[in-house]
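What follows is a short report on a single structure.
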Amino acid sequence: MPREIPKAYEPQQIEQKWAKSWAEEKLFRADVNAPGPVFSIVIPPPNVTGSLHIGHMLDHTEIDILTRWRRMQGYNTLYLPGTDHAGISTQRVVVRQLAAKGINYRDLGREAFEKKVWEWKAESGGTITKQMLQLGESCDWTREKFTLSPELSRAVTEVFVRLYEDGLIYRGHYIVNWCPQCRTAISDLETVHEERQGHLWHIRYPIVGTNESVVVATTRPETMLGDTAVAVHPSDERYQHLIGKRVMLPLVNREIPIVDDFVVDREFGTGAVKVTPAHDPNDFEIGRRHNLPEIDVMTDDAKMSAAAGPYAGLDRFEARKRVVADLEAAGLLVKIADHTHAVGTCDRCGTIIEPRASTQWFVKMKPLAEPAIAAVERGDIELLPDNRRTEYFEWMRNIRDWCISRQLWWGHRIPAWTCGDCKEIIVARQAPTACTKCGLTHLTQDPDVLETWFSSALWPFSTMGWPDDTPDYRKYYPTTLLITAYDILFFWVARMIMMGLKFTGQVPFKQVWMHSIVRNADGQKMSKSKGTGIDPVEMNEKFGTDAMRFTLASMAAPGTDIILTEDRILSYRAFANKIWNAARFVFMNLDKYETAGGETLEVLAAADTRAAAPYAAGAEIPLIDRWIFSRLARATAQVNDALEHFRFHEAAHVVYHFFWGDFCDWYIEWVKPELVSEDRVKAAATWKNLFSAFESALRLLHPFMPFLTEELWHQLPQRDGARSIALDKFPEAHAERIDTLAEEQVALLQEIMTAARNIRAEMKLDPKAKLPAQLGPAAPAVQSTVERSLDTILRLANLSSLSFSKPPFDSTKGVVRSNKDFELFIAFDAAIDIPAEVARLRKELDRLTKDIASKDARLKDETFRSKAPENIVKGMEATLAERRTEFGKLEERLAQFERL
RNA sequence: GGGCGAUUAGCUCAGUGGUUAGAGCGCUCGCUUCACACGCGAGAGGUCCAAGGUUCAAGUCCUUGAUCGCCCACCA
């Protein structure tokens, strides 16, 4: 019966078909009752055509590779729902888009903003963001309507309350990173430092009651309006006499004290620093120590506030210009120096952060960090690759308290209420009806929401039904392995570890694999919100998701980032096409075979195709069948080992070369005639082996190219009820099945055929003409190997005959190619390009001479002989002998030319 | 300022101290061979950034330097 293999490989159609099917089959859904070990990781929904997550593209590729591989090994593979994070990033994207147009989302009004978000959701549907949106559907994102999912929401509240009760969450007034565009506080991690070319303005502050003055240096002159002191180092001799005196703050005409504080760096600027406690972290600390007032001279959107007097209402940068101009006019601007410094910008909108004193909710991190450091030190959690450990420790040991409250329109509302009467703050699981202190009922809930990473940190257990003791929680917590991009180590991984240890007493996962991230040629991250780099959706559509996945896998060497190029994807698109065509060849010939009265595929495939061993028709298994199964066993062992060690690029490389190089280029070409052989028994045996090898190759390929392999696998007869290749077994490593002798013999035959083709190509002989050749074998074993595969050699090397003769051959009447095992001679009448051949020989001899000299010297070195391992010495001796053999042959041929 | 990584073929990159350093693309030559021109066959192409060191042996380990990149960082 004819198979349905279209001529053209069209990935999109295949992808759509199988993505739908997998979603229906729930292939990667966790099943708490399923047997087998649990392998659980961050997983995307299975119904993705573009199996990529935009922010961390490799998540979906590599995880999926491991997931499918482990699933095929019988692991019970877990797939977890996303957190609110994905839903909330929708808002972020819209905020960013609006900001790019100079619009603050708040200025739109809540209703219009909400409308924009839904519009964007609709617009971006069908693209990569669709997955995120699907995840986000479960969370209702406006503050009023926020429900997360009831389970996750409950966990977040529970954690907040418990941390508060333990004294690990507090409400405090400190300097925070304030984003004037988003109009919210953000955490340290959400700020991005950028080197900016700025100025260091030197300003003269007159000292009250003297003619003296002190010069301070600042990069933000507009903040001087909020100065409440000038500080110098306690032991700075230049300023000793000024400590305790007062200066008249220019422009504002406010008297402020000169204080001494150890944080002042005598070397920087003038050694005297203006102190603005409300707008600088250092100054804030100085202010606390010296009891200085805080004057916040700005509003939420970084315009100057009423406290800035005449500058009120101006934008901060406009105010900067005016302040500088006014100081200059007053003759108080001493100098302006160029100064590059790091400016904090908002991770989500790029606006320059204003450090600003503000009352926020914080988490005390030290007590949470200590057990998390210990867990990694003890090896309870393994961070891989392990140079990431250093980063983790560094960050954890210098951790600062975490500002978790946000003044945004979406997020999980903070479960805290303030009593309008006695100002008591009540943190509770349920909204209280009356104040716990004064009993009155004028309670208002804190308007702030929690930052998304707070709830994300709970993900390993909040998704399992925690705080209830559920079967899911018992089975799946802690999990085995977390895979993610390294750029999320602090945001998420570290916080999951801390929260996991705090609330469950166990590590959330035992291993963390941090894969590389994709950058564009400028070194920028591929980013969903920034629109940088190659658009993965476009690439998927252009080349197919399988090609894209394979490309990413092939480039996923640990430790370095990936720069994706179209060329590379294109080459794996070609590979996908090659697999497709190999399948077409197989099925087309099968049709012919069946039509001619051969067994049907069903009969052929009734043989155990999973035996991964060649099928024997008679007493002797053909060499090439032994060979392909040996190559398969080798590749399988290598792929399994590579995946076990997260070496995706190696696995991809091995499977690529096995399929293209061994299976297509040699095996298929070799057995072509057998497939239509008159000898029915022989033909059937070949078919069985071909199918067996092909089917194994598909399973080997499946984690890398899931759609294509699924499609082709279903064309092969499968056992009743077989639903997906992903549910079949992954080929098992059986290194003992490697047939070294078969590999050596085939390698020899390949070299003979290559030599013959080389002579033809180099001498520009008629590509169609069948030529007679002579072989001078070095050993009887070579001759018998050749004799047994003579027909194949003649066919694949396009020779009319191959006879055995004793060398040397006459180089002047034809061309010789040789190696340690044989000399191959093809005689012909046409003129030989002697200079070319001589040059070739000389070059080859030159290389051999150097190699022989170097090996000879090494082997004569007694130290080498006594210190190097025996196998190295023996191996080198053998190689040296071979090189000398080759050298002799080449020298003889060169001599023949020179005798002319 | 601190940390991490990179530097290998024209390009993008692999390379686990050991015997002639690999891949893909590109390039050259030849093939419309009935699975595949997204292909087949045959080739060319590399002082492995530099200088020292360790070792019997270094692309691989160590030191220093150069260049590029990333992350972290409250010096105004």
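Numbers restart at 1 for each chain; the letters A, B, ... are given by sequence-line order, proteins then strands. It should be emphasised that the depicted structure is a prediction, and the values quoted were computed from it without experimental measurement.
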Is the Lys NZ or Arg CZ of A:Arg495 less than 6.0 Å from the centre of A:Trp402's six-membered ring, within 45° of the axis?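 Yes, A:Arg495 and A:Trp402 form such a contact.
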Using a 6.0 Å distance limit plus a 45 degree cone around the ring axis, check whether A:Lys672 lies over the aromatic ring of A:Phe585. yes
B:rG1 to B:rA44 separation - C1' atoms, rounded to the nearest Å: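 My reading of the C1' atoms in B:rG1 and B:rA44 gives 49 Å.
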Using a heavy-atom cut-off of under 4.0 Å over every strand shown, decide if [X] touches base, sugar-phosphate, or nothing.
X	value
A:Arg573	base
A:Gly559	sugar-phosphate
A:His339	sugar-phosphate
A:Ala342	base
A:Asp265	base

Closest to the [X] side chain, choosing from [options]:
X	options	answer
A:Cys664	B:rC75, B:rA35, B:rC71	B:rA35
A:Asp188	B:rA73, B:rU12, B:rA35	B:rA73
A:Asn581	B:rC36, B:rG24, B:rU32	B:rC36
A:Phe268	B:rG18, B:rC40, B:rA76	B:rA76
A:His649	B:rG24, B:rA35, B:rG15	B:rG15
A:Phe585	B:rC56, B:rA35, B:rA23	B:rA35
A:Thr565	B:rU12, B:rA73, B:rA35	B:rU12
A:Pro767	B:rG30, B:rA42, B:rG18	B:rG30

Identify every side-chain donor-acceptor pair in residues 226-233 of chain A under 3.5 Å, counting partners at least two apart or on other chains, and give the distances.
{"from": "A:Asp227", "atom 1": "OD1", "to": "A:Lys274", "atom 2": "NZ", "distance (Å)": "3.1"}
{"from": "A:Asp227", "atom 1": "OD1", "to": "A:Thr276", "atom 2": "OG1", "distance (Å)": "2.6"}
{"from": "A:Asp227", "atom 1": "OD2", "to": "A:Tyr205", "atom 2": "OH", "distance (Å)": "2.6"}
{"from": "A:Thr228", "atom 1": "OG1", "to": "A:Pro293", "atom 2": "O", "distance (Å)": "3.0"}
{"from": "A:His233", "atom 1": "ND1", "to": "A:Ser235", "atom 2": "N", "distance (Å)": "3.2"}
{"from": "A:His233", "atom 1": "ND1", "to": "A:Ser235", "atom 2": "OG", "distance (Å)": "3.1"}

With no hydrogens and no angle check, just 3.5 Å: does a side-chain donor-acceptor pair link A:His653 and A:His649?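 Not at all, the side chains of A:His653 and A:His649 share no donor-acceptor pair under 3.5 Å.
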Charged N to carboxylate O below 4.0 Å: is that the case for A:Asp766 and A:Lys768?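 No, no charged N to carboxylate O under 4.0 Å.
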Would you say B:rG18 has OP1 or OP2 under 4.0 Å from some side-chain N or O of A:Asn871?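 So the side-chain polar atoms of A:Asn871 never come under 4.0 Å of the phosphate oxygens OP1 or OP2 of B:rG18.
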Map A:Arg847 and A:Leu189 onto RNA chain B by nearest heavy atom, then report which one ends up closer to the 5' terminus. A:Arg847
Paired stretches of RNA chain B - 3 or more consecutive Watson-Crick or G-U pairs, each distance under 3.5 Å: B:1-7 with B:66-72, B:10-13 with B:22-25, B:27-31 with B:39-43, B:49-53 with B:61-65
